[in-house]
Structures are given as structure tokens and as C-alpha cells.
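Report on the structure given below.
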2 protein chains.
Amino acid sequence: MTKKNVCPLDYTMNLIGTKWKPLVLFHLLEGGLRSGTLQKKIPGISNKMFTQTVRDLEKDGLIFRKVFPVVPPKVEYSLTDRGMSLKDILISLDKWGSEDCQK
Amino acid sequence: MTKKNVCPLDYTMNLIGTKWKPLVLFHLLEGGLRSGTLQKKIPGISNKMFTQTVRDLEKDGLIFRKVFPVVPPKVEYSLTDRGMSLKDILISLDKWGSEDCQK
DNA sequence: TAACTATATCACTTATTAGTGAGTTATTGC
DNA sequence: GCAATAACTCACTAATAAGTGATATAGTTA
């Protein structure tokens with residue numbers, strides 16, 4: 001099956017239409033975080049999926065990866081402008097969940 | 001890995017955090033559609049994934065399935081109130097895509 | 001009576017996603 | 001010189017998602 005974007009929403013879903021991506025982006029809204037700190041904010045995500053998700057988001061220019069040349073390693077993730085442009089949507093999704101789950 | 005919801009967004013993602021679900025919901029915003037019509041609006045989705053996605057959405061009370069007892073079969077899907085409460089988010093996701101893709 | 005229709009379901013295979021545990025790195029502190 | 005550290009990466013396996021082609025349904029039309 002080919003991956004053509006037939007409508008803008010299709011394009012959006014190809015970028016962030018997974019379970020983990022919005023969660024990672026959401027937890028960076030307040031500012032950049034170290035790799036370990038970010039991962040701890042997302043219980044249930046395995047080490048591997050975390051790495052894979054941030055790699056994907058970085059490749060698509062939604063987050064920025066800053067490596068500090070220290071030992072032990074320090075890596076900080078933060079939203080790019082592009083990632084930040086999803087802010088309202090991410091907050092809406094979180095808000096929807098908080099309202100819906102108490103029904 | 002267990003599926004505990006640690007934040008509202010996590011809850012939301014467990015409900016609609018897939019590639020196809022938002023697309024199906026989006027195309028029902030303007031009103032109910034016959035099964036075949038809805039499926040045609042989502043190129044790239046296979047018969048199986050379409051069925052599976054609408055089953056899931058129905059199970060979670062986001063869409064409603066109305067069967068007309070005629071031959072050949074006629075089935076219409078429409079948003080429930082719960083599904084409709086995602087309207088603004090779905091439109092925002094679509095809008096984000098249309099703005100982002102032209103950069 | 002055979003084809004056509006719309007909406008599926010089923011069995012089977014392939015592809016993708018996810019989990020797990022071990023290994024890597026280079027420095028600091030014991 | 002050995003463990004501890006943070007952030008991975010890798011190999012391997014398990015689980016889930018997805019694709020494909022066949023089949024079912026039951027009336028209507030040719």
C-alpha cells in the first residue's frame with residue numbers, strides 16, 4: 001500500500017499518528033528535558049520504543065536533540081518551533097482525556 | 001507492559017492513538033455515511049483495517065453503527081456525542097497538516 | 001438461473017512493532 | 001582496578017498489525 005497524503009489530516013497522522021509520539025511531545029511542552037527524565041515521565045514506554053520515538057521525532061524536525069560532551073552522557077531533548085506548533089492540539093488532547101475519562 | 005493511564009493524554013492515546021481512527025472520525029464530522037462511502041474517503045486503508053477500525057470505534061462508543069435490513073446490505077456510521085466531542089481536535093489536526101505541509 | 005449488489009468475515013501469510021537482556025562508552029569515586 | 005553512571009545500541013524473540021484472496025448473504029434484475 002502506497003503512502004499518499006489525500007488530505008491534510010492524513011499528512012498529520014503520518015507524522016504523529018502513533019501512541020507514543022504525542023506523549024513525548026506533550027511532556028516537552030514546558031521545556032527541554034534530559035533523556036532519562038523524559039522517559040520516566042512516560043511509564044509504560046520501553047527503552048527501545050523511547051529511543052525509536054525520539055529518533056523519529058528528531059528526523060521529522062519536531063524535537064531537537066542536544067548532546068553534551070560529558071561523562072556519563074547527557075542528552076537533552078526539546079521541541080523545535082515545528083514541534084511547538086502542536087502545543088494547542090496536544091493540550092486539547094490531554095484536556096479531552098481528562099474530561100472524557102470521568103464519564 | 002501494563003496499560004495504566006498515567007495522565008489524561010495517555011488515556012486519549014489509548015482510545016484514538018492510531019493512524020486510522022482519527023481519519024475515520026474526521027470524515028464523519030459532516031454527518032453519517034454508508035460504510036462503502038466512508039471507506040472510499042480513506043484511500044490506503046484496506047478492507048480489513050477499515051472493518052477493524054470502525055469496530056474498535058464502535059466498541060468505545062465514538063461512532064454508532066446503524067444497520068438497515070435491506071438487500072444488498074446498508075450500514076451507516078455516524079459519530080456519537082462522545083465522538084463529536086473530538087470535533088475541534090480533529091479539525092485542528094487537519095488544519096495543522098495543511099499549514100505544516102507547505103513549508 | 002446466473003450475475004450483481006454492499007457489507008462484511010475468514011483463513012492464511014507477511015510486515016511491523018514491541019519487549020528483553022546484554023554490551024558499549026569514558027570518566028569519577030571508592 | 002572495579003563499580004557506578006546515562007544514554008544508548010544490538011541481537012533475538014514475541015506480539016500485534018496489516019494485506020490478500022476466498023466466501024457468505026439474499027433479494028433484484030437480466
Side-chain angles (χ1 to χ4, degrees), chain A residues 1-6 10 13-25 27-28 31-60 62-79, chain B residues 1-6 10 13-25 27-28 31-60 62-79:
Chain A
M1 196 64 73
T2 59
K3 281 189 184 175
K4 51 181 172 181
N5 296 127
V6 292
D10 194 59
M13 297 318 291
N14 279 328
L15 272 183
I16 59 164
T18 72
K19 175 178 163 71
W20 299 117
K21 286 181 181 178
L23 282 162
V24 168
L25 295 170
H27 289 295
L28 291 175
L33 291 175
R34 289 191 67 165
S35 184
T37 312
L38 176 56
Q39 188 171 350
K40 284 194 195 74
K41 282 179 180 283
I42 310 173
I45 198 169
S46 70
N47 200 276
K48 175 178 174 175
M49 283 316 296
F50 177 72
T51 302
Q52 190 173 308
T53 302
V54 291
R55 287 283 172 283
D56 256 21
L57 291 172
E58 189 197 3
K59 170 178 67 63
D60 290 329
L62 294 170
I63 66 176
F64 175 71
R65 182 170 183 266
K66 184 170 182 185
V67 181
F68 297 83
V70 297
V71 168
K74 176 176 177 180
V75 175
E76 219 177 77
Y77 292 104
S78 53
L79 293 180
Chain B
M1 196 63 74
T2 59
K3 281 188 185 177
K4 54 180 171 181
N5 296 127
V6 292
D10 195 57
M13 297 317 292
N14 279 329
L15 272 183
I16 59 164
T18 72
K19 177 179 163 68
W20 298 118
K21 286 181 182 178
L23 282 163
V24 169
L25 295 171
H27 288 295
L28 291 176
L33 292 175
R34 289 191 67 163
S35 184
T37 312
L38 176 56
Q39 187 170 351
K40 283 194 196 74
K41 282 180 179 286
I42 311 172
I45 198 171
S46 70
N47 199 274
K48 178 179 173 174
M49 282 317 296
F50 177 72
T51 302
Q52 190 173 306
T53 303
V54 291
R55 285 285 172 282
D56 257 22
L57 291 172
E58 190 196 2
K59 170 179 67 63
D60 290 329
L62 293 170
I63 66 176
F64 175 71
R65 182 169 184 266
K66 183 171 184 186
V67 181
F68 296 83
V70 295
V71 167
K74 177 176 175 177
V75 175
E76 219 177 75
Y77 291 104
S78 52
L79 293 180

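Treat the numbers as computed from the prediction; the structure is a model and nothing was measured. Within every chain, numbering begins at 1; the chains are lettered A, B, ... in the order of the sequence lines, protein sequences first and strands thereafter.
To the nearest angstrom, P of dG19(C) lies 8 Å from CD1 of Ile45(A). Atom NZ in Lys74(B) sits roughly 17 Å away from atom P in dG27(D) (whole-Å rounding). Between Asn47(B) atom CG and dA11(C) atom P there is a gap of 16 Å when expressed in whole angstrom units. In this structure, Lys66(A) places its NZ atom 17 Å from C1' of dA7(D), rounding to the nearest Å. Note: CZ (Arg55(A)) to C1' (dA18(C)) measures 17 Å, nearest angstrom. dT20(C) atom C1' lies 15 Å from atom CD of Gln52(A), rounded to whole Å. For the pair Arg65(A) CZ and dA7(D) C1', the computed distance is 8 Å after rounding to whole Å. Taking atom CD1 of Ile42(A) as the reference point, atom C1' of dA7(D) lies 15 Å away to the nearest angstrom.
With values rounded to the nearest 0.5 angstrom, His27(B) atom NE2 is found 15.5 Å from Tyr77(B) atom OH. Atoms CG and CD1, from Leu38(B) and Ile63(B) in turn, are 7.5 Å apart once rounded to the nearest 0.5 Å. Note that the NZ atom of Lys40(A) and the CD1 atom of Ile42(A) stand 12.0 Å from one another [nearest 0.5 Å].
For Pro73(B), counting side-chain heavy atoms from C-beta on, the closest listed nucleotide (dT7(C), dT5(C), dT9(C)) is dT7(C). Closest approach to the Lys48(A) side chain among dA8(C), dA11(D), dA6(D) is made by dA11(D) (side chain taken as heavy atoms from C-beta onward). Listed nucleotides dT7(C), dG27(D), dC8(D) differ in distance to Val71(B); the shortest reach to its side chain belongs to dG27(D). Nearest to the side chain of Met49(B), among dA8(C), dT9(D), dG19(D), sits dG19(D). The Thr51(B) side chain lies nearest to dT9(C) when the options are dT9(C), dT9(D), dT5(C).
Contacts with DNA chain C (heavy atom under 4.0 Å) in residues 31-40 of chain B: Arg34(B), Ser35(B), Gly36(B), listed by number.
Put simply, the side chain of Lys41(B) does not reach to within 4.5 Å of the side chain of Leu23(B), judged on heavy atoms.
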**Criterion side-chain contact (heavy atoms from CB on, under 4.5 Å) on Leu62(A) and Leu25(A), from CA distance to verdict** = CA-CA 8 Å; Leu62(A) 294 170; Leu25(A) 295 170; 4.2 Å; yes

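Position along DNA chain D of the nearest nucleotide to Phe50(A) versus Trp20(B) favours Phe50(A) as the more 5'-ward residue.
Smallest separation of non-hydrogen atoms from Asn14(B) and Lys19(A): OD1-NZ, 2.6 Å. Nearest heavy atoms, Ser35(B) versus Phe50(B): OG-CE2, 3.5 Å.
Contact annotation for Tyr77(A): backbone-only contact, meaning every heavy-atom pair under 4.0 Å involves sugar-phosphate atoms and none involves a base.
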